[in-house]
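One structure is given here, and the rest of the page talks about it.
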Amino acid sequence: MNPAIHPSPDTFPVAPTLSMFDPVFVGIDEFGAPVYLDLVYHNLLDAGEPGGGKSVLIQNLVAHAFLCHDFTPVLLDPKWVELGMWMEPADALGGIFVGPDIDKGLRVLRRLQKVMDRRYAWLVAHGRRKFIPTDLIKVIGIFIDELAYYTDHRHPGAAERVHRPRP
């Protein structure tokens, strides 16, 4: 019996995986052509009017990232509304989800700064400016809904916690 035609019930077909270095489909332009965005090497601010598609965009980007083999998630969402559904998948991938805990959010952001500093040092030591897919490094995808919640000076002590000089 041909296993390609009659697969064993305990096996699953393997499909190619995505990479964070692959462009992500974000929509259709005014001429009907598909629009793609490279996530790696870019920062993205999602802003617009209510009903403008901000939530759809963030869900599309997060879903793409979770399909990638080279992704570690860091999700911050104080309301749990936009990113809360990704809490368990983030944990399963060794990532983190932060809800309305300001101190935890700031600890995570400080830890990310240390990781960034180490990665920059590696790039400098290797005479490079960017990581490439063959470096086999996991891309840390940081998705934050309501960054101001974690950094707003109106929260007691937040300004002091955020603006403390680094040693």
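Atom set for the values below is all heavy atoms of this structure, side chains included, hydrogens, waters and symmetry mates excluded.
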Counting only N and O atoms by type, is there a donor-acceptor contact under 3.5 Å from the side chain of N60 to the main-chain atoms of F25?
yes
Any link between W86 and L44 through a network of hydrophobic side chains (Ile, Leu, Val, Met, Phe, Trp, Tyr) touching at under 4.5 Å?
yes
Got a second to check how far L109's CG is from K104's NZ, nearest 0.5 Å?
12.0 Å
Any ring pair (Phe, Tyr, Trp, His ring centres under 6.0 Å) pairs touching residues 96-115, not counting sequence neighbours?
W80-F97
Work out which heavy atom in F21 is nearest to a heavy atom in P133; give both atom names and the distance.
CG-CG, 3.5 Å
Keeping the roles fixed (side chain from Q59, backbone from E82), state whether a donor-acceptor pair exists under 3.5 Å.
yes
Taking the side chain as everything from C-beta on, heavy atoms only, tell me whether L147 gets closer than 4.5 Å to L76.
no
Heavy-atom side-chain proximity of I140 to R119 below 4.5 angstrom:
yes
Main-chain N/O of G99 paired to D77 side chain as donor or acceptor, under 3.5 Å
no
Just checking, K138 and F71: is the charged tip under 6.0 Å from the six-membered ring centre and within 45° of the axis?
no
If I compare all heavy atoms of P73 with all of A90, which pair ends up nearest, and what's the gap?
CG-CA, 3.6 Å
Could you grab the distance from atom CE of M116 to atom CG of L123, nearest 0.5 Å is fine?
11.5 Å
Out of curiosity, does V40 fall in the hydrophobic cluster containing V35 (side-chain heavy atoms, cut-off under 4.5 Å, transitive links)?
yes
Given the side-chain rings of F131 and W122, with only the six-membered ring counted for Trp, is the space between their centroids under 6.0 Å?
yes
Taking it one step at a time, do F143 and L83 satisfy side-chain contact (heavy atoms from CB on, under 4.5 Å)?
CA-CA 8 Å; F143 295 91; L83 302 172; 4.1 Å; yes
Give the cluster check for V115 versus Y120: same hydrophobic cluster or not, with ILVMFWY residues linked at side-chain heavy-atom distances below 4.5 Å.
no
Hey, mind stepping through I137 and D70 against side-chain contact (heavy atoms from CB on, under 4.5 Å) and telling me if it holds?
CA-CA 7 Å; I137 189 166; D70 52 359; over 6 Å; no
Spatial distance of atom CD1 (I58) from atom CG (D46) [nearest 0.5 Å]
6.0 Å
If you look only at pairs with a residue in residues 22-37, which of them pass as a salt bridge (charged side-chain N to carboxylate O under 4.0 Å, His left out), with sequence neighbours excluded?
none
What one should report as the nearest heavy-atom pair of H69 and S19 is NE2-CB, 3.9 Å
May I ask whether V62 and I96 are part of the same hydrophobic cluster, defined by side-chain heavy atoms of I, L, V, M, F, W, Y residues being less than 4.5 angstrom apart, directly or through others?
no
Is there side-chain contact between V24 and D38, with at least one heavy-atom pair below 4.5 Å?
no
Rounded to the nearest 0.5 Å, how far apart are CG of D103 and CG of D101?
6.0 Å
Taking every heavy atom of P78 against every heavy atom of E146, the minimum-distance pair comes out as CG-CB, 3.9 Å
CD-CG distance between E88 and D91, expressed to the nearest 0.5 angstrom
8.0 Å
Does the side-chain contact (heavy atoms from CB on, under 4.5 Å) test come out yes or no for V98 and L75, once each step is laid out?
CA-CA 6 Å; V98 178; L75 311 172; over 6 Å; no
Do L18 and V26 sit in one hydrophobic cluster, given that two such residues count as connected whenever their side-chain heavy atoms are within less than 4.5 Å of each other, even indirectly?
no
Counting N and O atoms only, with roles assigned by atom type, does the side chain of Y41 sit under 3.5 Å from a partner on the main chain of K130, one being a donor and the other an acceptor?
no
Nearest 0.5 Å please: distance from the OG1 atom of T72 over to the CE atom of M20.
9.5 Å
Which atoms form the tightest heavy-atom contact between Y150 and L106, and what is the distance?
O-CD2, 3.3 Å
